[in-house]
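Notes follow once the structure below has been shown.
Computed from a predicted structure; not experimentally measured. Counting starts at 1 for both ligands and their atoms, following the listed order.
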Amino acid sequence: MQLAPNVYLLDAATNANVFLIKDGDCKILIDTGLPGMAGAILRELDTLGAGRLTAILLTHHDMDHTGNAYEIQRASGAAAYIGADDLPYVLHDKERPGSQWAYHHMLRPRPPARLRRLEKYDLPGGVQAIPTPGHTPGHHAFLYRRVLFCGDMLKSSPAAKPLRMPESAHQWPQRLKGSLLALLPYPFRLLCPSHGAPLPNDEELRRFIRREAGESVTMSAG
Ligand SMILES: [Zn+2]
């Protein structure tokens, strides 16, 4: 499904969104979905003319985002990139704390062979990487033109209403609130969370984000 000029939401990935930016010869995948979906994702990429990728950007280390990175990286030839602080989790040098630990432990997706840390913040295709620690330590959002991909900083309902994730889902809930607030000055029109429908950057979204950040101030003051 096309969301904006050059921006697609893949139909093949369910539960966790996988996005494609296709800007001329530059083809960037954002996240790779739950394990077991690599074949369907690769077929859809072929259909969209993006069988050879330029880069795979991972918002964070959770396995519903990195689950098919090994297979997609191998088939597409592109290196995968993730925030430095999330790298040890993908390599299984660190265990994911919190409620998702059991799933990670059972499924343990294979790390991509070409996995690099995000070091530059100006990426191919004019994509900008924005460090947004909170959901995980090395979480990043990505801005392409007027579309902001925010990973698991928040989620949305099927009717495009912003929703909070349970606090236990986040490794650093207090840091998350500051990272959410830091998104507001970016010039985006559409916010694409990894779970749920894309959200317009309207007053409801901005109020939601400010309320989340405001709660952080109240909690830390108490
Ligand atoms: Zn997720």
Legend entry - Among the N, O or S atoms of D152, the one nearest the Zn ion (ligand 1): OD2

Legend entry - Residues H135 and D62: side-chain donor-acceptor under 3.5 angstrom: yes

Inset, instruction - On the 0 to 90° scale, with breaks at 30° and 60°, tag the H65-H195 ring pair as parallel, tilted or perpendicular. - result: perpendicular

Inset, instruction - Any salt bridge (Lys or Arg N to Asp or Glu O under 4.0 Å) involving residues 65-79? Give me the pairs, sequence neighbours left out, ordered by first then second residue. - result: none

Inset, instruction - Specify which N/O/S atom of H195 comes nearest to the Zn ion (ligand 1), by atom name. - result: NE2

Inset, instruction - Considering just N/O/S atoms, say which atom of D64 is closest to the Zn ion (ligand 1). - result: OD2

Legend entry - N/O/S atom of H65 inside 2.8 Å of the Zn ion (ligand 1), strictly under: yes

Legend entry - Face-on cation placement of R110 at Y70 ring, 6.0 Å and 45° thresholds: yes

